[in-house]
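Read the structure below first, then the notes.
Below, read A as the first sequence line, B as the second, and so on, with proteins coming before strands; counting in each chain starts at 1.
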Amino acid sequence: MLDIQILRSDIQSVERRLESRGFALDVARFEALEARRKSVQTRTQDLQAKRNAVSKSIGMRKAKGEDASDLLSEVSTLGDELKANEEALGKIQDALQEFLLNIPNLPHESVPYGQSEADNVEVRKWGKPGQFDFEAKDHVEIGERLGGLDFETAAKISGARFSLLKGNLARLHRALSQFMLDLHTSEHGYIETYVPYLVNAESLKGTGQLPKFEEDLFSTSSGYYLIPTAEVPVTNIVRGEILSPDSLPLKYVAHTPCFRSEAGSYGRDVRGMIRQHQFDKVELVQIAHPEKSYSVLEELLGHAEEVLKRLDLPYRVVSLCTRDMGFSAAKTYDIEVWLPAQKTYREISSCSNFESFQARRMQARFKSEGKNELVHTLNGSALAVGRTLVAILENHQLADGSVAVPEVLRPYMGGIEIIKAS
RNA sequence: GGAGAGGUGGCAGAGUGGUCGAAUGUACCUGACUCGAAAUCAGGCGUAGGCGCAAGUCUACCGAGGGUUCGAAUCCCUCCCUCUCCGCCA
């Protein structure tokens with residue numbers, strides 16, 4: 001959520017900056033709501049002040065045993081007008097709140113201007129896409145031949161866009177998340193967390209998924225939502241809190257499943273486990289001092305990249321352009337891993353600085369020289385586990401259809417070096 | 001799931017219709033005393049918002065949301081959460 005003060009003071013520049021990300025700010029509507037708010041609020045508060053003053057006098061007279069009937073008749077005429085004003089004010093404030101909740105974040109000045117994915121700017125590349133002296137197979141074929149990847153049974157159990165892993169591939173999947181958690185806790189200084197996978201609407205509003213993106217979420221009959229990312233429960237740890245400045249930055253890591261209904265994505269990535277209703281992710285979250293958040297973003301990005309380096313997976317980092325960024329982000333880097341079968345880089349991580357956008361929704365603050373100031377929130381996948389599994393199968397495949405296990409994972413795999421068909 | 005007890009400021013804890021944004025204690029900040037610290041004394045010390053150049057002033061907030069009343073922390077309704085006991089369960 002944006003600070004309403006900047007809409008009041010400089011709406012033109014807000015409009016311009018939002019236009020760069022394809023959002024048309026309804027300036028006229030805002031100004032009309034504000035004008036009405038101002039007059040109704042002033043009137044309401046005047047009436048409240050008057051009522052309070054008279055009521056207080058009534059109390060004082062009654063305490064002395066005096067008659068107060070003149071005051072009672074005086075204040076009774078206020079009632080209807082006050083009630084009407086209070087109701088009107090409530091409606092205006094709800095409308096303003098809804099208006100604000102549906103405005104995306106302002107892009108940081110360093111974000112490249114662009115219309116689509118094609119305008120994202122490559123920041124760096126690491127590793128060389130492997131050369132295969134045989135036809136590189138995709139992960140579906142590799143996995144099915146290894147007997148560890150079974151979409152048909154997953155479809156029977158649940159439906160489309162679910163997967164079933166077995167044997168060494170299931171173990172590899174577990175090894176990946178263990179490895180990632182261990183790396184981030186022991187070398188990068190994150191605190192491991194275990195969090196709820198079902199959350200309330202307030203938390204989703206805090207991180208920006210609600211009210212605008214309800215259709216992307218799965219929900220339960222009892223009013224809970226399944227988390228679309230660990231960002232939601234982990235970031236909401238600080239919702240409504242006032243932190244001490246020396247506790248910053250808070251660094252949390254969580255391994256969770258993520259559930260996305262991906263309405264509207266039908267037809268995209270229908271094959272394989274690239275786009276699923278359920279996938280695992282190891283997520284990094286930092287709660288940072290506003291002055292430090294951009295150096296924290298670089299650091300967090302580096303932590304995600306480190307996973308790929310240790311797994312020996314070629315990748316590149318791109319800075320998302322204005323139109324490609326998510327609703328809540330001020331700046332986002334995507335990490336894309338090389339997939340030999342598709343002969344292209346595909347997203348495997350997304351690292352963002354939300355500045356105070358989520359913090360304002362959550363009222364997450366810290367004490368700064370006696371005053372409360374909003375924190376900045378950041379997060380990044382490090383990494384999406386399912387897609388990492390895909391990348392390993394494809395990049396480390398061997399001519400005979402087996403797959404080499406990256407060295408750092410072998411301790412988690414009971415020393416297995418090669419996954420062969422069973 | 002059943003029965004009961006609760007939710008008040010950073011913490012503890014008063015307050016059951018009126019001058020209560022809220023006693024008191026404690027923590028914290030400032031000042032005095034001290035070479036310094038402790039102790040003591042004095043003052044300050046919640047959040048969000050409106051109006052105002054400012055000084056300031058007004059409004060709202062006692063788990064959340066409704067209601068009764070001239071007036072609600074206090075009464076009524078709904079919901080959430082915590083604790084105790086029982087049941088069930090991993």
| What is the distance from CD of A/Gln93 to P of B/G49, rounded to the nearest Å? | 11 Å
| query | Touch check for A/Asp46, heavy atoms < 4.0 angstrom, all strands: base, sugar-phosphate only, or nothing? | reply | nothing
| message | Going by side chain to side chain donor-acceptor pair (under 3.5 Å), name the residues that satisfy it together with A/Glu31, two or more places apart in sequence or in a different chain. | response | none
| said: Is the phosphate of B/U47 approached by A/Lys367 (side-chain N or O, under 4.0 Å from OP1 or OP2)? | reply: yes
| field | Nearest-angstrom distance from the residue atom CG of A/Asn52 to P of B/G18 | value | 16 Å
| query | With sugar-phosphate meaning primed atoms plus P, OP1 and OP2, does A/Arg43 contact a base, only sugar-phosphate, or nothing at under 4.0 Å between heavy atoms? | reply | nothing
| query | A/Glu87 CD to B/G66 P: how many Å, rounded? | reply | 11 Å
| request: Please state whether the rings of A/His188 and A/Tyr190 are parallel, tilted or perpendicular, taking 30° and 60° as the class boundaries. | output: perpendicular
| said: Whole angstroms only, please: what is the NZ-C1' distance between A/Lys50 and B/C58? | reply: 15 Å
| Residue list, side chain to side chain donor-acceptor pair (under 3.5 Å) with A/Ser116, at least two apart or on another chain | none
| said: For a quick check of understanding: with a heavy-atom distance under 4.0 Å over all strands, which category does A/Ala63 fall into, base, sugar-phosphate or nothing? | reply: base
| Please give, in whole Å, the distance from B/G71 C1' to A/Ile58 CD1? | 7 Å
